[in-house]
Enquirer: 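Encoded as structure tokens, here's the structure I'll be asking about.
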Amino acid sequence: MPLHQRNPAFHLERWVAGFLLCVALFGVLYLGAVRTGPGQLLDQMMQRTASGTWNPLPPLSPQNDWITAWILLPPALACAALAHQRGPHQRWLILLCGAAVALGANVTTQVIKLVWSGRPTLVSLSSEWPANSLPSGHTTMAAGAAAAAFLICRPRDRAFWGVLAGLWAAGWGGYIYIEGWHLPSDMMAAYLVVAAWTLLGGAVVHHVEARDPELAPLPAEPGIPGGRQAGLSLTLGVMGTVLGLAALLGPVARHGLAEATASPTPWLFLAGAALSSAPALLLSAALIPLFSSETRRLTRTARKA
């Protein structure tokens, strides 16, 4: 029997398949929201509604550099504390991987907006939003920092931190929409960019953890690993997405696209807020069981060794 066997807990093809799925969904979103007239119209009407609707949240100013600190500081402190929990063995490799995911996602977002800098004028509102703002840079920043904490934490705590990461990303995505900074599709695209990088980082993290004798295993639990936390994220994500789609497409189905988007309405505001935040929780619900199931296979293999 060979001395070095492929670790059955590490399945690279699953991570690659998830990455390619995120890329495909990003392409569909870009084509629908940027390259079609109805997509542009719905997107920009939701943004216009947000810009003209009062909200009790503190205003966000693009010139305020402290916004970046508010977005990054809590996840950064969490990453430092979580890295300390892992102990000295291979701590820096995991930290480096989390930082690479956050940095890579943000660089990717800026490159995409640089390469596809224009937005075709397909509807009259396009003249008000001529530049391509997809994906949202600030939303990528928030989701990427949260994803770093998700990767750095101990495997047994990853499902819990997956819920927190989804909530942090969703909260900032909704906040940025409400302030009128971005179109809803910009936030959805940011979540997909971060999810793709998280899957790449996850492959590396699990490869490192497979060689880590100090791995903190998942607690024994019936059913799907991380199922409770994934179920919570899925419930919140589905409720928000269904609410957003109903508020957006219900008036369109009843009155037609032209009449439904003739003027800002509370329905468009509700749709934009929901669709700018809920998809982050849907992605969290998909990532939690994937990471947890791979870790459970890893710990089973370690116990047998």
Side-chain angles (χ1 to χ4, degrees), residues 4 6-7 9-16 18-20 22-23 68-69 71-112 135 137-166 168-169 172 190-218 226 280 283-284 287-288 290-295 297-299 301-302:
H4 300 285
R6 179 179 181 272
N7 193 323
F10 181 70
H11 299 281
L12 180 61
E13 64 277 4
R14 298 187 180 187
W15 305 100
V16 173
F19 172 82
L20 293 177
C22 288
V23 172
T68 300
I71 291 175
L72 294 180
L73 184 58
L77 293 175
C79 287
L82 293 171
H84 180 73
Q85 285 184 344
R86 292 190 71 103
H89 186 74
Q90 296 180 334
R91 172 190 297 171
W92 295 108
L93 286 175
I94 300 294
L95 269 173
L96 182 62
C97 184
V101 166
L103 180 62
N106 281 278
V107 170
T108 300
T109 285
Q110 298 307 319
V111 169
I112 290 172
H138 285 85
T139 305
T140 302
M141 197 181 300
F150 173 68
L151 291 173
I152 291 169
C153 71
R154 296 180 302 175
R156 66 181 295 117
D157 302 326
R158 196 163 277 144
F160 170 74
W161 281 96
V163 176
L164 292 185
W168 184 256
W172 276 105
Y191 300 143
L192 288 170
V193 169
V194 173
W197 273 95
T198 302
L199 287 162
L200 292 179
V204 177
V205 166
H206 275 271
H207 188 65
V208 172
E209 289 174 347
R211 302 170 179 269
D212 189 350
E214 298 180 11
L215 174 69
L218 288 171
L283 290 170
S284 175
L287 291 172
I288 288 171
L290 172 62
F291 275 77
S292 297
S293 62
E294 289 294 287
T295 299
R297 290 189 183 91
L298 189 155
T299 53
T301 302

Enquirer: What are the two closest non-hydrogen atoms of F19 and L199, and how far apart are they?
Expert: N-CD1, 3.4 Å
Enquirer: Restricting to non-hydrogen atoms, name the atom on T140 and the atom on A105 that form the minimum distance, rounded to 0.1 Å.
Expert: CG2-O, 3.5 Å
Enquirer: Report the distance from atom SG of C22 to atom CG of L287, rounding to the nearest 0.5 Å.
Expert: 7.0 Å
Enquirer: Grab the two heavy atoms, one from P135 and one from V193, that are nearest each other, plus how far apart they are.
Expert: CG-CG2, 3.9 Å
Enquirer: Taking all non-hydrogen atoms of both residues, which atom of L283 and which atom of L192 are closest, and how far apart?
Expert: CD1-N, 4.1 Å
Enquirer: Can you say whether the rings of F291 and F150 are parallel (under 30°), tilted (30 to 60°) or perpendicular (over 60°)?
Expert: perpendicular
Enquirer: Does any part of the side chain of P74, heavy atoms only, come nearer than 4.5 Å to the side chain of W168, both counted from C-beta?
Expert: yes
Enquirer: Please say which of V101, L151, V107, N106 ends up in a side chain to side chain contact (heavy atoms under 4.5 Å, CB included) with W197.
Expert: V101
Enquirer: Between R158 (side chain) and I288 (backbone), is there a donor-acceptor pair under 3.5 Å?
Expert: no
Enquirer: Please list, chain by chain and in numerical order, all residues satisfying side chain to side chain donor-acceptor pair (under 3.5 Å) with T198, sequence neighbours excluded.
Expert: none
Enquirer: The test is side-chain contact (heavy atoms from CB on, under 4.5 Å); show your working for V205 and I94 and say whether it passes.
Expert: CA-CA 6 Å; V205 166; I94 300 294; 4.0 Å; yes
Enquirer: Which heavy-atom pair separates M141 from L72 by the least distance, and what is that distance?
Expert: CG-CD2, 3.4 Å
Enquirer: Identify the two heavy atoms, one from A280 and one from A169, that lie closest to each other, and give their separation to 0.1 Å.
Expert: CB-CB, 4.1 Å
